[in-house]
Amino acid sequence: KFFERDENLYDYIITDEYLHRYIKSSPVGLHGPKELEGTPYFYEKVTNTNYKRDIIAKLADHLEIDKTDIKMILASSA
């Protein structure tokens, strides 16, 4: 949904020192890449919960979304 809010979000991601390591336009170079649903982008699936939280928080800050407005569901893949 973040990409729906800002059509130029990927431009921000590729210039960000932290985010560009975890979200890319190609799965090459990502550990356990997973496609971001509804986008042509991929994210690194093999990250711990803290990294996932930090990625979401950084995107929310950029999009000026209050962190209390974000709901994240963590589920086991097993």
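Heads up: numbering here begins at 1 and tracks the sequence. Just so it is clear, the model here is predicted, and its values are computed rather than measured.
For D6, the side chain to side chain contact (heavy atoms under 4.5 Å, CB included) partners at least two apart in sequence or on another chain are N8, L9, H62, L63. Residues satisfying the ring pair (Phe, Tyr, Trp, His ring centres under 6.0 Å) criterion with F3, sequence neighbours excluded, are Y41. Residues passing the side chain to side chain contact (heavy atoms under 4.5 Å, CB included) test with K34 are Y43, K45, sequence neighbours excluded.
The structure places CD of E64 at 9.5 Å from CZ of R5, a figure rounded to the nearest 0.5 Å. Distance CG/N48 to CZ/R53: 8.5 Å, rounded to 0.5 Å. K52 NZ to E44 CD: the interatomic distance, rounded to the nearest 0.5 Å, is 9.0 Å.
Two different hydrophobic clusters hold L30 and L36 under the rule that ILVMFWY side chains link at heavy-atom gaps under 4.5 Å. Under the 4.5 Å side-chain heavy-atom criterion for ILVMFWY residues, a single connected hydrophobic cluster contains both L19 and Y22. I56 is not connected to F42 by any chain of hydrophobic side-chain contacts under 4.5 Å among Ile, Leu, Val, Met, Phe, Trp and Tyr, and they are in different clusters.
The shortest non-hydrogen separation linking F2 to A60 is CZ-N, 4.4 Å.
When the shell of 6.0 Å around OH of Y51 is examined, it contains 12 or fewer heavy atoms from other residues, nucleotides or ligands.
Contact of the I55 side chain with the L59 side chain is registered, since non-hydrogen atoms from C-beta on lie closer than 4.5 Å. Residues Y12 and H20 form no side-chain contact, since every pair of their non-hydrogen atoms from C-beta on lies 4.5 Å or further apart.
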